[in-house]
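Throughout, a chain's letter reflects where its sequence line sits, starting with A, and its residues are numbered from 1.
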Protein chains: 2
Amino acid sequence: MGQPKIRNMEEFANISGISRPTVSKYFNNPESVRTSTRAKIEAALKRYDYQPNVFAMNQNRRTTKNIGVVVPNLADPFFSEIGRRVELACIDAGYSPILLSSHGSPEMERDNLTSLRALKPAGVLLAPFGRMSDVEAVQTFDADFPLVLFDANMSSIGQAFVGTDNAQSVDLMVEYLCRSGEAPCFFEMKSPTNPNANKRRQAYIDSMERHGHVPRIYQADGEGWNFEEIGKVEGGRLLAAKSFETKTILCSNDRLAIGMLSAAYDLGLRVGHGPECDLRIAGHDDHPFSKFTCPPLTTIAQDYEAIANRAVRELFSTLEAENQTKDRSETTFDGRLVMRESA
Amino acid sequence: MGQPKIRNMEEFANISGISRPTVSKYFNNPESVRTSTRAKIEAALKRYDYQPNVFAMNQNRRTTKNIGVVVPNLADPFFSEIGRRVELACIDAGYSPILLSSHGSPEMERDNLTSLRALKPAGVLLAPFGRMSDVEAVQTFDADFPLVLFDANMSSIGQAFVGTDNAQSVDLMVEYLCRSGEAPCFFEMKSPTNPNANKRRQAYIDSMERHGHVPRIYQADGEGWNFEEIGKVEGGRLLAAKSFETKTILCSNDRLAIGMLSAAYDLGLRVGHGPECDLRIAGHDDHPFSKFTCPPLTTIAQDYEAIANRAVRELFSTLEAENQTKDRSETTFDGRLVMRESA
DNA sequence: ATTACAAATTAGCGCGCGTAAATTTTATTT
DNA sequence: AAATAAAATTTACGCGCGCTAATTTGTAAT
């Protein structure tokens with residue numbers, strides 16, 4: 001990093017002894033220039049800290065190196081974790097991820113897509129709200145930019161979908177709970193914001209029937225993203241009123257389960273699979289905190305890493321395919337049973 | 001939103017019956033044009049969905065409408081929450097926030113500052129690692145861009161610092177714990193990543209001495225951001241060995257406390273302030289999950305909203321001051337005692 | 001109606017880089 | 001050594017808007 005400030009690519013080209021168009025080629029793809037030329041440029045880069053002006057770069061390009069990453073709510077550790085991995089995978093591939101949270105609001109999801117348009121992204125990875133999303137807006141966006149969905153699916157939208165196989169994962173949990181004790185009843189929100197919730201309910205019903213049990217579903221009132229609060233208040237109410245017909249409860253997700261564990265504690269109910277316990281509670285997602293609940297939560301771990309990497313790969317393969325019409329793909333990964341003390 | 005695509009500002013200016021420079025003025029500040037002109041432009045905007053090319057806009061401007069927001073780790077709910085509020089405050093002010101997480105790595109913090117340079121941000125809000133940060137890099141950045149620090153302070157860096165008054169907040173907690181029972185001992189990490197940890201330790205010592213008690217500090221081994229794990233393993237070890245000299249433990253932050261609560265549960269220790277309890281545990285930060293721990297965690301609530309808003313305000317006042325030399329300001333907000341069952 | 005001032009217009013340069021076509025240089029093959 | 005292909009260079013234009021200076025138009029006050 002030398003002293004003299006490089007003002008533009010022209011100056012840098014002169015200094016490195018290479019013509020400007022070739023330097024431009026280098027920055028767009030270092031592999032595209034001869035090894036000896038590359039060496040010269042990189043030698044100059046060591047001595048002077050020049051980097052091309054992003055704004056000028058992107059102005060005349062039809063597509064940039066930007067990748068939009070939109071998640072419904074970064075305050076939810078699930079999304080901050082998967083968003084994080086997606087972000088890092090993009091950086092590794094030499095792209096510039098732009099991570100946007102919709103803060104729990106479908107309107108902001110729409111706004112986020114709108115602002116992304118201005119950045120001419122090479123592609124976008126979207127974890128949509130689903131039915132709550134502005135479907136038309138997402139469709140229009142899909143028509144204009146390469147789009148890959150993850151976590152939540154929307155039929156026929158995007159070049160690909162990557163997520164977890166809820167049928168498999170819920171069946172795995174039901175199977176385990178039945179094998180190790182009583183068949184579970186199911187606790188969820190009445191109006192879930194996430195389409196996975198519906199898949200999980202259906203998976204629960206199917207699985208219970210397959211095992212010869214009657215499915216029993218309990219739905220909590222409540223809106224928004226305060227899942228723990230809803231789980232605690234509504235779950236606690238059901239527990240106090242002894243409304244659950246079985247002593248084994250499968251929650252639609254870990255955050256509800258965390259709330260219910262808190263309610264059970266308040267009520268003096270011992271949660272766990274020991275003979276002295278009053279209740280078994282299980283969740284779904286392996287939330288970062290589930291390991292530290294009291295007792296630690298038995299749950300299904302989603303394969304964050306695989307989902308994030310695959311989603312990014314799907315997007316890049318779409319980018320490479322370019323004009324060839326590629327079929328829409330759906331990939332789901334298996335959930336993994338994480339046995340802890342709560343069930 | 002009409003059919004014909006507007007290609008550039010020239011076309012849009014023709015359609016709206018206004019000259020291009022005036023349209024340009026409008027987009028840079030709608031207030032700067034006459035009411036009647038503004039009305040004409042906005043009427044045209046209703047019919048045609050034109051928006052200026054961001055890249056062309058920012059190319060010749062010395063400073064953009066971008067605001068960088070850098071936090072050490074978005075996976076930590078504390079930072080995702082405060083980052084969220086900062087982000088929204090910037091949007092309200094008509095700026096484009098760019099939220100970057102350093103994923104727990106000081107090197108990535110440096111990289112984030114470097115990539116921000118390319119975006120010519122109007123200003124940057126940084127929650128630094130502190131001593132772990134690349135101090136020189138932060139200083140250099142400070143010299144080149146308006147910079148406001150929040151959460152963690154670094155001496156003489158940035159136009160302002162906004163955070164919580166650890167001396168006040170810890171004293172408040174110590175005072176409460178002493179008044180309601182036994183004086184606390186203090187549990188923290190041996191090599192904390194955050195400078196607030198040091199301030200809290202010192203605040204604990206001062207407060208204890210002021211109250212006529214002997215401070216007792218217990219430090220956990222362990223690196224990284226897995227605070228809950230460290231709290232559970234190391235805290236659990238100390239609990240099992242009955243190493244704590246008192247039955248009241250103040251943890252340096254909620255995440256450590258959450259881990260320790262989990263360990264206490266495993267050991268069959270009853271945590272709380274009732275006569276039948278074995279242990280009191282308190283935290284600091286009012287982590288979003290502290291309300292749902294077993295038992296719910298007594299802690300200090302930081303005023304997220306106030307910190308975020310003030311940090312943003314400090315930055316904007318710096319932007320407006322422009323060349324006038326403004327003194328560096330430090331603002332700390334009081335913590336609020338949140339009494340729950342754990343202590 | 002005249003004046004004074006603010007706002008809009010016209011005209012035009014420049015930003016830093018992408019990109020294309022034509023040409024020259026370099027590397028590889030026969 | 002000559003022929004061929006590949007890479008680099010030269011030349012030149014364009015992107016969309018910021019910004020300025022000089023001029024004209026519009027508005028409000030006298």
Side-chain angles (χ1 to χ4, degrees), chain A residues 4-45 48-66 94 96 117-122 322, chain B residues 4-45 48-66 94 96 117-122 322:
Chain A
K5 271 281 172 187
I6 310 293
R7 306 171 58 86
N8 53 37
M9 196 180 276
E10 183 95 45
E11 279 190 26
F12 179 75
N14 290 338
I15 283 172
S16 53
I18 306 287
S19 73
R20 191 181 66 75
T22 306
V23 171
S24 171
K25 269 193 82 179
Y26 168 83
F27 278 109
N28 288 317
N29 180 10
E31 309 294 319
S32 70
V33 303
R34 204 180 302 159
T35 323
S36 57
T37 323
R38 188 159 64 239
K40 282 196 218 168
I41 295 177
E42 280 162 1
L45 274 178
Y48 308 90
D49 56 342
Y50 164 74
Q51 53 182 5
N53 180 311
V54 255
F55 301 111
M57 271 180 60
N58 289 328
Q59 183 171 15
N60 297 333
R61 246 214 278 262
R62 49 189 89 84
T63 168
T64 67
K65 284 282 188 179
N66 298 330
S96 302
R117 281 176 178 276
L119 299 179
K120 298 187 202 168
E322 194 71 9
Chain B
K5 273 280 174 189
I6 311 291
R7 306 172 57 88
N8 53 36
M9 196 181 275
E10 184 94 45
E11 279 190 26
F12 179 76
N14 290 338
I15 284 172
S16 53
I18 305 286
S19 73
R20 189 180 70 77
T22 306
V23 171
S24 172
K25 267 194 83 179
Y26 169 84
F27 278 109
N28 287 317
N29 179 12
E31 310 294 319
S32 70
V33 303
R34 205 180 302 162
T35 324
S36 57
T37 329
R38 187 160 63 239
K40 281 196 217 169
I41 293 177
E42 279 162 2
L45 274 177
Y48 308 90
D49 57 341
Y50 164 75
Q51 52 181 6
N53 181 311
V54 254
F55 302 111
M57 271 180 59
N58 290 329
Q59 182 172 15
N60 297 333
R61 246 215 277 265
R62 49 188 88 83
T63 167
T64 68
K65 285 280 188 179
N66 298 330
S96 302
R117 283 176 177 275
L119 300 179
K120 299 186 203 169
E322 193 70 10

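The residue N28(B) sits close only to the backbone: its heavy atoms come under 4.0 Å of sugar-phosphate atoms, none of a base. When heavy atoms are screened at a 4.0 angstrom cut-off, S24(B) is found touching the sugar-phosphate backbone but no base atom. Residue P52(A) is in sugar-phosphate contact alone, with no base atom involved, counting any heavy-atom pair closer than 4.0 Å across all strands shown. When heavy atoms are screened at a 4.0 angstrom cut-off, S36(A) is found touching no nucleic acid atom at all.
Across the protein-nucleic acid pair, N29(A) atom CG and dT19(C) atom P stand 12 Å apart, rounded to whole Å. Atoms CZ (R38(B)) and C1' (dA8(C)) sit 15 Å apart, rounded to a whole Å. Atom C1' of nucleotide dC15(C) and atom CD of E11(A) are separated by 13 Å, given to the nearest angstrom. For the pair M9(A) CE and dT19(C) P, the interatomic distance rounds to 11 Å; values are reported in whole Å. Here the P atom of nucleotide dT9(C) and the NZ atom of K40(B) are 7 Å apart, to the nearest Å. Atom-to-atom, CZ of R7(B) to C1' of dG16(D) comes out at 11 Å; the value is rounded to the nearest Å. Nucleotide dG16(D) holds its C1' atom 8 Å from the CG atom of N60(A), rounded to whole Å. One interatomic measurement links the two molecules: CG of N14(A) to P of dC17(C), which rounds to 12 Å at whole-angstrom precision.
Sequence order on DNA chain C of the closest nucleotides to Q51(A) and I18(B) puts I18(B) first from the 5' end. Between V23(B) and A56(B), it is V23(B) whose nearest contact on DNA chain C lies nearer the 5' terminus.
Contact check, Y50(B) against dC17(D): a side-chain N or O comes under 4.0 Å of OP1 or OP2. Taking only side-chain nitrogens and oxygens, S19(B) never comes nearer than 4.0 Å to OP1 or OP2 of dT10(C).
Of the inter-residue distances, the one linking Q51(B) atom CD with M57(B) atom CE reads 10.0 Å to the nearest 0.5 angstrom.
Here the side chains of F55(A) and N60(B) are not in contact, with every heavy-atom distance at 4.5 Å or above.
For N53(B), counting side-chain heavy atoms from C-beta on, the closest listed nucleotide (dT10(C), dC17(C), dG16(D)) is dG16(D). The N8(B) side chain lies nearest to dG16(D) when the options are dC19(D), dG16(D), dT19(C). Listed nucleotides dT19(C), dC17(C), dA8(D) differ in distance to P21(A); the shortest reach to its side chain belongs to dT19(C).
Using cut-offs of 30° and 60° on the angle between ring planes, the pair F27(B) and Y50(B) is perpendicular.
Just one of L119(B), N58(B), V54(B) meets the side-chain contact (heavy atoms from CB on, under 4.5 Å) condition when paired with T64(B); it is N58(B).
Between the base of dG16(C) and the side chain of R20(A) there is no donor-acceptor pair shorter than 3.5 Å. You won't find any donor-acceptor pair under 3.5 Å spanning the side chain of E10(A) and the base of dG16(C), going by distance alone. One cannot find a donor-acceptor pair under 3.5 Å joining the base of dG18(D) and the side-chain atoms of Q59(B).
Annotation: R61(A), atom CZ; neighbour count of heavy atoms from other residues, nucleotides and ligands within 6.0 Å is above 12.
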Query - K120(B) vs N53(A), side-chain contact (heavy atoms from CB on, under 4.5 Å): CA-CA, chis, key distance, verdict - result: CA-CA 10 Å; K120(B) 299 186 203 169; N53(A) 180 311; 3.7 Å; yes
